[in-house]
Amino acid sequence: RWQKIFVIPLWSKMAVFWNKMFLTIIVLLIVLFLDAVREVRKYSAVHVNEKAANVNTNAFDHIQMKLFRSQRNLYLSGFSLFLWLVLRRTVTLLTQLAKGMASHAALEMQVNDATEAAKKYMAENERLQE
């Protein structure tokens, strides 16, 4: 049933578009991930000693807030990238499985037809020998 739906020519045209979109999204996620790594390194490297923290507590809190946000962005972009790649691999495997099942069904039908034809020819051969 699904093969009848996916045989429509519109799907093949859309597949090219979605493959390009997939690559674009992967590149975007990689750029966001690398930017988040850079931000985490930048704000993790900032060390405020106790005297400076006592003098300007707002600056220390501001740096900690930026560090928290950069870590949050790192986790979100990394997890999104991971899930996107897992989703892509799952779709690839499902596509390969569907193609394999379709070829298996076609081969099974071909074998059944060949078996029936062989039985018919053997019966006809026996009838001619009698």
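A distance of 10.5 Å separates CD of Glu130 from CG of Asn125, quoted to the nearest 0.5 Å. Annotation: the span from Met14 atom CE to Met21 atom CE amounts to 11.5 Å, rounded to 0.5 Å. One distance of note links CZ of Phe33 with CG of Leu76; it measures 12.0 Å at 0.5 Å rounding. Note that the CH2 atom of Trp18 and the CD1 atom of Ile25 stand 7.0 Å from one another [nearest 0.5 Å]. Leu97 CG to Thr90 OG1: the interatomic distance, rounded to the nearest 0.5 Å, is 12.0 Å.
Annotation for Tyr43 and Ile63: closest pair O-CG2, 4.2 Å, computed over non-hydrogen atoms. Contact detail for Ser103 and Gly100: the closest heavy-atom pair is OG-O, 2.9 Å. Shown here for Leu67 and Val40, the closest heavy-atom pair between the two residues is CD1-O, 4.0 Å.
Ile30 has its side chain within reach of Leu81: a pair of non-hydrogen atoms, C-beta onward, lies under 4.5 Å apart. Side-chain atoms of Thr92 and Arg89, non-hydrogen and from C-beta on, do get closer than 4.5 Å to each other. For the pair Arg69/Arg72, a side-chain contact is recorded, criterion being any heavy-atom separation below 4.5 Å from C-beta on. Looking only at side-chain heavy atoms (C-beta outward), Gln96 and Leu93 come within less than 4.5 Å of each other.
Among residue pairs with one or both ends in residues 11-37, those qualifying as salt bridge (charged side-chain N to carboxylate O under 4.0 Å, His left out) are Asp35-Arg38; sequence neighbours excluded.
Hydrophobic clustering (side-chain heavy atoms under 4.5 Å, transitive across Ile, Leu, Val, Met, Phe, Trp, Tyr) keeps Tyr75 apart from Leu32. Tracing side-chain contacts under 4.5 Å through hydrophobic residues (I, L, V, M, F, W, Y), one reaches Leu34 starting from Trp84; they form part of the same cluster. Residues Leu28 and Phe22 are members of separate hydrophobic clusters, defined by side-chain heavy-atom contacts under 4.5 angstrom among Ile, Leu, Val, Met, Phe, Trp and Tyr. Hydrophobic cluster membership differs between Val86 and Leu94, with clusters built from Ile, Leu, Val, Met, Phe, Trp and Tyr side chains linked at under 4.5 angstrom. Leu29 and Leu23 fall within the same hydrophobic cluster, where Ile, Leu, Val, Met, Phe, Trp and Tyr residues are linked whenever their side-chain heavy atoms come under 4.5 Å apart, directly or through other members.
Every residue meeting the side chain to side chain contact (heavy atoms under 4.5 Å, CB included) condition with Arg127, not counting sequence neighbours, appears here in chain and number order: Glu124.
Classification of Glu116 and Lys119 as a salt-bridged pair fails, no side-chain N sitting under 4.0 Å from a carboxylate O.
For CZ of Phe82, the number of neighbouring non-hydrogen atoms (other residues, nucleotides, ligands) closer than 6.0 Å is 12 at most.
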